[in-house]
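Read the structure below first, then the notes.
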Amino acid sequence: MLSRVRGKWSYLAIAALLLFLIIIPFKWFLGQYTVILIFIGIHTMVTVGLCLLMGYTGQISLGQAAFYGLGAYFSAVLTKTHGFNPWLAMLVAALATGGFAYAIGFPIFRLRGNYLALATLGLGIIMAVLFRELDQFTGGPTGITGIPYLSIGGFTFDSPFRRYFLVWFFCLAVLLVSQNIVRSRTGRALRAVHGSESAAESVGINVAQFKVKVFVLSAVYASLAGSLYAHHITYVNPSPFGFLFSVMVVVMAVVGGLASVWGAIFGAATVRILSDEILLRFGEWDVIVYGLILVLVMVFMPRGLFVALKEAYERWRLTHRQRGAEA
Amino acid sequence: MSPEQFVDNLISGVAQGSVYALVGLGFTIIYTVTRIINFAQGEFVMLGGVFSFLLFSSVGLPLPLALLLAVLAATVVGAVLYLLAIRPARQASVISLIIITIGASTFIRGVVGQIWGKDYMPPLPHFSGDNQWLWIIGITLVVMVALHLFFSRTMMGKALKACSINRQAASLVGIDARSMAFTSFALAAALGAIGGAVITPLTAPHFRMGLTLGLKGFVAAAVGDFRSQVGTVVGGVILGIAEAMVVVLDWGPFASAYKDVIAMLVLLLVLFFRSSRGAAQEAAS
Amino acid sequence: SESETIKIGALFDVTGPNSPLGTPEKQVVEMMETQINHAGGINGVPIEVIVYDTEGKEDSCVSLATRLIEQDGVVAIIGPSSTGESLAVIDTVDKAQIPMVSCAADERITIPVGDSIWVFKTPQTTYMAVQEIYSYIQDQGITKIAIMTDTKGFGAGGKKDLEDEASNYGLTIVSNQSYDNEETTNWDPFISKIENSGAEAVVCWGTNPGPALIAKALDGTGIPFFGSHGIANTKFIEVAGDAAEGVIFPVGKMLVADQLPDSDPQKAVLLQLKSDYEALYGEGTCNTFAGHAYDALKMVQMAVEEVAPDKETLTEELKDRKAFAAKIRTEIENIEGFAGTGGVFNMSPDDHCGLSKGCMVVVKIVNGEWVWLQD
Amino acid sequence: MLRVEKATAAYGRVTVLREVSLTVNDGEIVTLIGANGAGKTTLLNSIVGVVPIKSGSIWLDDRQISGLQPHRTVGLGISYIPEGRQIFGSMSVMDNLTLGAYSQCSRNHLSTLGYIGWFLRRPDVRSNLDMVFNLFPVLRERQRQQAGSLSGGEQQMLAIARALMSSPRMLLLDEPSLGLAPNLVKDILRLLARLRDEGFTILLIEQDAAAALKIADRGYVMERGRIVIEGSSRELLGNDEVVQAYLGKTRG
Amino acid sequence: MSGPILETRGVTKAFGGLVAVDNVDVGIEAGRVTAVIGPNGAGKTTLFNLITGVYPVSSGEIRFDGVPLDNMPTHKRAALGIARTFQNVLLFGNMTVLENVMSGQHPRSRYGFLEAALRLPKSRREEETITLNAIKYLNLVGLGLYAQRDALSLPLGQQKLLAIARALATEPKLLLLDEPGAGLNRLEKQELGDLIRRIREMGITTVLVEHDMDLVMGIAEWVIVLDSGRKIAEGTASQVQRDKRVIAAYLGEEVE
Ligand SMILES: Nc1ncnc2c1ncn2[C@@H]1O[C@H](COP(=O)(O)OP(=O)(O)OP(=O)(O)O)[C@@H](O)[C@H]1O
Ligand SMILES: Nc1ncnc2c1ncn2[C@@H]1O[C@H](COP(=O)(O)OP(=O)(O)OP(=O)(O)O)[C@@H](O)[C@H]1O
Ligand SMILES: [Mg+2]
Ligand SMILES: [Mg+2]
């Protein structure tokens with residue numbers, strides 16, 4: 001019963017969020033923020049994957065940028081150099097990146113100890129160098145320009161307004177799929193793995209396989225996000241896909257809250273809006289203020305914004321109801 | 001290449017690796033006591049380097065004194081970081097604390113850039129003659145031995161270790177886990193700063209220098225699974241040697257631009273080897 | 001009221017990896033903003049330069065560019081500081097039809113112009129510098145060189161041109177290495193490689209601190225060090241110390257402004273900028289990067305003056321920002337004979353950089369000063 | 001010696017201790033009996049400061065100790081052997097014992113930096129060590145062994161020995177016999193009686209209420225966070241309610 | 001009685017120099033409650049770990065339902081029908097009581113990633129069955145009321161019951177219980193005994209490790225005694241209790 005009430009509540013919230021998202025890019029509403037929101041959508045997709053991965057393997061991945069970059073570069077190279085249809089390129093990118101994650105996932109998850117951090121960090125470093133050095137494919141440090149836009153039939157996503165809907169369609173799809181997975185048998189198995197690996201094994205869960213599965217899923221999400229990035233900016237170069245991006249994704253995941261896939265939106269939005277809107281006021285002090293805010297958020301909302309907001313709402317509802325009862 | 005040159009490069013690789021190891025040991029110490037992977041570790045390195053330069057060149061202190069004060073100052077920053085950012089976050093999980101260290105590192109880096117400028121500073125003079133590498137290796141050895149003695153022969157060392165094994169049990173034998181965490185941050189800052197100070201004659205101190213040195217230290221510490229001091233030193237030194245050798249060989253795929261790729265691959269191989277050997281031992285025993 | 005200022009956007013990497021470039025760029029435009037407004041603005045209308053810090057991130061750069069265009073309503077953008085960021089925002093300014101004058105060097109920003117007619121750039125293109133230094137090296141009778149290039153954009157561009165041009169100057173590259181500027185501290189392996197290669201000279205392409213540290217490490221081997229215009233600042237001399245002595249590199253004329261003959265059209269501009277800038281930010285701080293941003297803003301200013309020669313037209317133009325921006329673009333494209341800090345610019349529909357050979361000189365560091373090596 | 005007055009404690013919104021009062025006098029064994037989840041462990045946790053109390057007070061002699069952190073209460077002479085032993089598994093037996101004496105050393109922080117060998121030669125530490133080795137000769141043999149590889153019973157001995165190293169006046173034990181073989185349970189209970197005779201004060205939680213009451217002087221019965229019955233061991237053993245709920249039928 | 005469901009032959013496990021399980025032959029009769037007792041460190045838990053595949057055997061063979069288990073991983077053994085509880089309970093702390101039991105149904109459900117991601121009808125149907133079954137097992141151990149509580153907020157005794165429910169939810173043929181009675185008081189142990197009898201009536205073979213002799217005497221039809229890794233005795237409870245070696249090694253003399 002409890003869950004049904006909670007379910008209704010969340011459907012309402014989702015409907016409100018959807019409506020809000022739909023009207024944002026219109027000039028009369030928040031049109032000027034369209035581009036920031038496109039990036040928020042793209043980053044959310046990467047972050048959701050990491051939320052699942054960190055939430056369920058209990059380890060940090062410091063290499064999401066590699067998968068993000070693979071998606072972007074696959075899309076760029078296949079469309080620009082080999083003339084693929086962008087949608088096909090995106091699919092190939094996702095499959096190839098997923099396959100790659102699968103291939104490296106098995107050895108990584110066989111390592112004992114906290115090696116996911118190192119292995120993914122190594123992966124990130126290696127991929128960053130390859131993006132830069134394989135210049136016959138990737139265009140080297142200056143990258144690839146003139147990547148085509150995505151289009152459906154005759155409709156081309158050639159303005160931020162249009163791309164906004166494209167990106168958020170993907171983003172919400174990813175969120176929904178993740179939510180479904182979390183609530184399913186698979187999600188339960190993952191949480192079991194997180195709770196206790198030996199106990200999970202004892203109830204018939206193939207721990208290694210499930211870890212690899214989330215790892216692959218997170219890679220596919222990142223790859224899709226990367227493809228969207230490439231078709232959005234129409235240019236790729238190595239520097240957005242470096243270590244600092246991987247760290248930023250970790251920050252987004254934790255600031256939003258690992259407890260729920262919806263935390264990813266909050267995390268991505270917070271970090272993005274901070275750096276592209278709020279901190280502009282601080283001029284050269286922006287990074288200092290950013291650091292400070294990060295510390296304060298984590299000190300006062302250690303479980304992330306999503307949980308903090310939810311708790312605040314519940315507290316508010318409780319006092320509200322009490323007051324109602326008193327009256 | 002002459003054998004002599006080979007040895008020279010080996011030495012420089014080992015020394016470079018020693019610096020990574022020093023930085024990595026800082027990660028290890030904080031991790032063992034608190035389970036936090038301290039992303040601000042690189043900033044301690046940077047503070048060690050930048051303060052050494054400022055105290056020596058701008059303030060005009062004699063070199064040894066400048067180095068000593070720089071390390072002390074960084075240690076204080078480490079302690080303050082713990083008191084102001086980590087300690088108040090009582091409810092926070094380890095991952096949230098890690099994010100706090102990321103925030104703190106951005107903050108420290110930004111402040112240094114703002115106060116002392118964002119451009120590169122000149123390297124310090126070599127500690128003596130033209131053999132800074134030997135100084136680095138020597139200082140690292142001394143630090144490592146001291147650290148080993150500290151952990152195996154003093155009550156505080158044992159108490160730090162106890163906190164890492166079981167925090168609650170530690171508090172039940174009278175160990176103040178928070179003061180141990182404080183100590184670990186101060187100690188880690190000191191180690192990082194020593195790394196920064198000894199490398200400063202060979203590089204240009206700079207507000208962003210902690211990013212890469214911190215990363216290398218992280219890699220070294222990760223080889224030791226953030227627990228083992230020996231593993232960390234081994235990891236750091238292998239990394240240093242691998243980097244130097246890739247450049248020296250400069251052949252085919254081992255071209256200098258791929259330095260990081262090769263170094264990472266070597267380390268991952270070491271890791272897989274270590275891990276599978278560990279698993280084999282476990283299975284055999 | 002709002003339309004009473006001319007808004008110009010600027011995107012510089014002030015706190016990211018290119019902050020040594022972005023900082024002087026930001027400072028120079030702030031200085032010019034004050035100067036221009038002090039003198040009554042452009043035709044009586046004050047200008048407002050809105051500077052955003054991109055932190056060197058391509059994605060931030062794109063959303064900040066959009067912000068400049070959509071929210072702040074700028075008529076032109078100067079910057080970004082780096083090649084990657086510049087290439088990343090091209091699509092945005094092109095679609096929005098706002099002219100942009102980049103401060104990054106890579107030739108791909110403006111070649112081919114067909115990619116976007118809205119994009120210009122001020123720095124000299126890398127191959128001009130390569131040609132200058134190669135012809136000097138050739139004159140010294142050197143035939144075998146080692147090249148050391150930064151792995152990032154500037155160095156990688158240099159590497160390509162160095163490799164391509166070498167044979168034209170009778171040079172053989174006997175050692176070809178790349179290094180990571182931000183992380184390399186152990187230079188010994190690079191140096192021993194060079195020593196073993198039999199190179200007679202090292203040509204190093206990168207920005208601080210790599211070249212300075214390499215020069216330092218080379219000190220004592222007796223192999224001469226040639227640099228790029230990436231080391232055209234006092235920082236190089238400070239960091240390299242004694243090893244800076246005798247270093248030779250190609251550069252715009254800024255560093256040797258006082259040594260130029262009075263007949264040089266750039267001399268006055270250079271001296272003026274130098275004295276203004278250093279009065280504000282300190283002795284020896286003015287460098288070529290400040291110059292790139294200076295040229296960019298100056299071109300926008302000239303174009304605005306051309307479009308609207310008096311206050312009334314200007315007020316009128318400001319009412320239709322889109323059209324105004326388009327006219328500014330056309331006027332930038334028409335700039336001819338503009339003696340800036342980087343050279344004499346002659347823009348045209350096929351050339352959005354507008355510089356030609358001769359805008360660079362070769363200088364040598366003697367007693368910590370730059371000395372122009374006149375042929 | 002120990003006085004708990006109307007202590008209340010909660011985990012989040014769930015109140016677990018409700019105005020619990022209890023006293024332990026010098027030199028006696030007091031046992032705490034109660035069903036699963038009655039709050040026994042929580043009470044001990046509150047006494048040492050692991051779980052802070054919300055109201056009420058806790059006194060050691062004339063000093064209020066509620067609100068102190070665990071490491072401070074240990075310094076005042078209380079030693080706690082928690083549920084599940086909590087030894088330092090990857091350290092040697094000797095290291096575990098040494099750390100047991102940490103509070104003897106940490107009064108002056110700098111002294112914790114001294115060579116550990118000197119510390120172990122201090123007369124008071126020496127005599128404590130001799131005492132625990134005499135109590136548990138097997139530990140003397142296993143000094144160098146990793147604590148985690150000891151058998152369950154030996155680990156329990158180590159936990160008790162470690163607690164004794166701090167020269168405590170009072171011991172709090174939470175189910176020391178959990179998971180031990182029957183013969184070892186008997187040994188441990190015998191040991192506690194002996195310690196009491198040597199002057200220690202003991203507060204004991206034990207599921208095997210009958211066995212615990214056999215060695216205890218007094219006992220308390222807890223139910224759902226409250227003390228419902230208290231009295232001497234004899235009284236409790238004779239109390240029908242207690243017999244029915246906690247002692248059950250005794251087998252011959 | 002239908003013969004042994006589980007058989008070990010010469011099973012040995014050594015950790016370095018220490019032989020934790022030494023050449024043990026046991027046969028577990030189907031449908032019976034068997035107890036394994038022995039001093040601390042005798043190798044009881046290790047024996048369970050070998051049966052469930054947590055450790056590979058150093059030598060010897062284990063057969064389940066006539067099939068040799070060899071190097072089969074734990075999760076496959078669970079799917080075959082071997083379930084267990086742990087000495088240190090090991091619940092999934094990040095889940096509710098009900099979800100803990102639901103995850104026990106893992107090997108008895110099929111739907112996969114894709115069906116879950118898109119919430120296809122198959123996934124919903126199976127989820128329903130899983131939930132109903134989980135509630136059934138919760139009621140069986142008497143925790144139905146606590147379904148929505150966080151698993152770790154239960155007191156130890158109930159946590160142990162929950163662990164049993166979770167193991168039952170895998171619908172095993174063989175259930176291994178490691179010290180289910182530890183930490184329970186006498187009354188609770190009696191209830192536990194009743195529960196084990198009910199499980200037996202469901203046709204599930206149960207093996208338990210237990211130090212409480214009263215509990216063992218009450219429910220075990222067969223008792224196996226280990227000491228230092230070796231089997232030193234086996235028989236009915238009363239036979240074993242009179243065995244001199246068992247008394248010396250394990251039970252100790254009565255103190256009065
Ligand atoms: N960390 C916790 N969070 C929430 N509730 C808890 C927690 N620990 C214990 N509880 C609850 O507090 C109550 C008292 O638990 P406590 O462990 O003190 O009981 P106990 O008498 O020691 O029981 P046992 O015999 O099982 O050891 C129980 O209802 C338990 O569910
Ligand atoms: N992973 C391991 N590595 C080394 N030794 C081990 C390991 N696991 C168990 N042992 C040792 O094997 C022996 C048997 O342990 P086991 O846990 O099987 O005992 P047990 O009979 O279950 O005892 P208890 O009743 O105390 O639970 C012990 O001496 C123990 O120290
Ligand atoms: Mg308890
Ligand atoms: Mg056991």
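Keep in mind it's a predicted model, so treat the numbers as computed, not measured. Just so it is clear: chains get the letters A, B, ... in the order the sequence lines come, proteins before strands, and each one is counted from 1.
- Nearest heavy-atom pair, B:A169 versus D:Q86, reported as atom, atom and distance to 0.1 Å: CB-O, 3.2 Å.
- D:R72 does not touch chain B: none of its heavy atoms, backbone or side chain, sits under 4.5 Å away.
- For the atom pair D:C105 SG and B:K158 NZ, the distance stands at 12.5 Å (nearest 0.5 Å).
- By the neighbour-count criterion of 12 heavy atoms within 6.0 Å, atom CZ of D:R126 is sparsely surrounded, having that number or fewer from other residues, nucleotides or ligands.
- No part of D:S166 comes within reach of chain B, as not one of its non-hydrogen atoms sits under 4.5 angstrom from that chain.
- At least one side-chain heavy atom of B:D176 sits under 4.5 Å from a side-chain heavy atom of D:H71.
- Taking 4.5 Å as the limit, some side-chain heavy atom of B:L172 sits within range of a side-chain heavy atom of D:V50.
- Heavy atoms of other residues, nucleotides or ligands lying less than 6.0 angstrom from CD of D:Q143 number more than 12.
- Only the side chain of B:R178 comes within contact range of chain D, judged by heavy atoms closer than 4.5 Å.
- Counting only heavy atoms from C-beta outward, the side chains of B:T154 and D:Y115 never approach each other to under 4.5 Å.
- With rounding to the nearest 0.5 Å, the separation of CD in B:Q168 from CG in D:N45 is 6.0 Å.
- D:L113 is listed as a side-chain neighbour of B:F150, based on a closest heavy-atom distance under 4.5 Å.
- Inter-residue side-chain proximity for B:V173 and D:V74 is flagged as unmet; no heavy-atom pair is nearer than 4.5 Å.
- Both the backbone and the side chain of D:Y102 have a heavy atom closer than 4.5 Å to some heavy atom of chain B.
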